[in-house]
Amino acid sequence: MTRDVKEIFARERSGSSGASGAPPAPAALAAKVRTLGPSMTRSMQRVAEAVAGDPAGCAALTVTGLAELTGTSEATVVRTARLLGYPGYRDLRLALAGLAAQQQSGRAPAITTDIAVDDPIADVVAKLAYDEQQTLADTAAGLDTVQLGAAVAALATARRTDVYGVGASGLVAQDLTQKLLRIGLIAHAHSDPHLAVTNAVQLRAGDVAVAVTHSGSTGDVIEPLRVAFERGATTVAITGRPDGPVTQYADHVLTTSTARESELRPAAMSSRTGQLLVVDCLFVGVAQRSYETAAPALSASYEALAHRHRS
């Protein structure tokens, strides 16, 4: 496949309905709504919010009934179901019934992530802990393991890996490169956009470029990924927006949970939690595939640093 054809395919994929493959399990439905909601049209958001907020009630509705409830059309309901990963509305109703049953048999969270200025510190701890747990659960539920496996395979055999990220995502980029370095792989993290592009120019087939951007629209990250893509490197995007501009130049897209932003807790804090989970999954996958060389490299790095941890 030529790079031109590959780019066209990537563009089509970034705008696809998401209905390919097996539909998500009921437990993953709420996570899909939270992740994809911000990228939906307002009418589709109303449908998504309705099914996530009252799965039992919506499961009892026909497609016409749900359209009337949300003030939308039957076509919008069907499009929303497909965007969430279901072949049609019937499949979405089955998932809603399953989700309702799980909620009835389980326990609903007693807290929210809304932190007030005058909250006691104990409440802050509880709310943040719940939010972190929810972010990890949502990211795990929405992560495409096929895409993850392909990214792992590329990283494990790469001649060189470049990782791009700025701000909070830059810290995640550094974490990934440090992990890869400790198992003997060549990896570089770039937070300076000029250095990122000049290094991306040197990449070629057999190399890997990873872009970390929660918004999916960070220009300083997209530009070097585009250059790497055009140079023939395998490209990976870790993003909270599966339809964001960065995915146009990504061979493999790994989606993280889309966190709600509040005045006291910017989304970057929670988004980093999901990104770090994806990084850990990538690292463990690569270490598994290259265990014979990774294990000795890890042991050597531990031994080299051991004296620094002795009192």
Side-chain angles (χ1 to χ4, degrees), residues 31 35 132-133 135-191 196 199-200 203 206-214 216 221 224-225 228 233-240 242 246-247 250-257 259 268-306 308-309:
T35 298
E132 296 286 350
Q133 293 168 3
T135 297
L136 291 172
D138 287 357
T139 297
L143 194 57
D144 187 329
T145 54
V146 174
Q147 293 286 305
L148 177 64
V152 164
L155 287 169
T157 58
R159 181 187 69 95
R160 160 184 161 184
T161 297
D162 279 14
V163 190
Y164 316 122
V166 296
S169 294
L171 300 176
V172 177
Q174 292 179 26
D175 186 66
L176 176 56
T177 56
Q178 289 172 10
K179 283 180 165 62
L180 295 177
L181 286 168
R182 293 195 70 175
I183 58 175
L185 300 180
I186 299 175
H188 309 277
H190 300 287
S191 58
N199 277 271
L203 298 181
D207 297 328
V208 174
V210 181
V212 186
T213 164
H214 179 63
V221 172
L225 191 74
T234 299
T235 52
V236 179
I238 301 175
T239 179
V246 71
T247 62
D251 297 305
H252 309 297
V253 178
L254 305 177
T255 305
T256 59
S257 169
M269 296 173 64
S270 186
S271 67
R272 191 165 65 246
T273 301
Q275 292 171 347
L276 289 171
L277 173 60
V278 174
V279 163
D280 279 350
C281 291
L282 288 170
F283 169 70
V284 172
V286 172
Q288 286 177 320
R289 290 180 66 99
S290 56
Y291 184 77
E292 290 186 0
T293 56
L298 273 175
S299 297
S301 67
Y302 281 126
E303 184 177 347
L305 295 173
R308 296 181 175 274
H309 302 291

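No experiment lies behind these values; they were computed from the predicted model shown. No hydrogens, no waters, no symmetry mates; every other heavy atom, side chains included, goes into these values.
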*With side chains defined as the heavy atoms from C-beta onward, is the minimum distance between Phe283 and Leu155 less than 4.5 Å?*
no
*Quick one: closest heavy-atom pair of Leu148 and Cys281, and the distance?*
CD2-CB, 4.0 Å
*Scan for salt bridge (charged side-chain N to carboxylate O under 4.0 Å, His left out) pairs involving residues 141-162, sequence neighbours excluded, and state none if there are none.*
Arg159-Asp207, Arg160-Asp162
*Indicate the atoms forming the closest heavy-atom contact of Ala209 with Leu225, along with that distance.*
O-CD1, 3.7 Å
*Do the side chains of Leu180 and Ile186 get nearer than 4.5 Å, heavy atoms only?*
no
*Compute whether any side-chain donor of one residue and acceptor of the other, for Asp251 and Thr234, lie under 3.5 angstrom apart.*
no
*asked:* Please check this pair: side chain of Thr135 against backbone of Gly274, looking for a donor-acceptor N/O pair closer than 3.5 Å.
replied: no
_Between NE2 on residue His252 and OG1 on residue Thr235, distance to nearest 0.5 Å_ = 7.5 Å
_Taking every non-hydrogen atom, the tightest pair across Ser257 and His214_ = O-CE1, 3.4 Å
*side-chain contact (heavy atoms from CB on, under 4.5 Å) partners of Ala156, counting only residues at least two apart*: Val286, Arg289
*Atom CD1 of Ile183 and atom OG of Ser290: how far apart are they, to the nearest 0.5 Å?*
4.5 Å
*Taking atom OG1 of Thr177 and atom CG of Leu185, what is their separation to the nearest 0.5 Å?*
11.5 Å
*Write down the atom of Ala250, the atom of Val236, and the distance for their closest heavy-atom approach.*
CB-C, 4.5 Å
*Quick one: are Thr256 and Ile238 in side-chain contact, heavy atoms under 4.5 Å?*
yes
Under 3.5 Å, sequence neighbours excluded: what are the donor-acceptor pairs made by side chains of residues 163-175?
residue: Ser169; atom: OG; partner: Gln275; partner atom: NE2; Å: 3.3
residue: Asp175; atom: OD1; partner: Lys179; partner atom: NZ; Å: 3.0
residue: Asp175; atom: OD2; partner: Lys179; partner atom: NZ; Å: 2.8

*Atom of Val208, atom of Ala158 and distance for their closest heavy-atom approach*: CG2-CB, 3.6 Å
*Passes side-chain contact (heavy atoms from CB on, under 4.5 Å), Leu282 versus Val278? Steps please.*
CA-CA 6 Å; Leu282 288 170; Val278 174; 4.3 Å; yes
*Taking all non-hydrogen atoms of both residues into account, name the closest pair between Thr139 and Thr255 and its distance.*
CG2-O, 4.1 Å
*Ignoring hydrogens and geometry, is there a side-chain-to-backbone donor-acceptor pair from Gln147 to Leu254 under 3.5 Å?*
no
*Hey, could you give me the CG/CG distance between Leu176 and Asp280, rounded to the nearest 0.5 Å?*
9.5 Å
*Any side-chain heavy-atom pair of Asn199 and Pro224 under 4.5 Å*: no
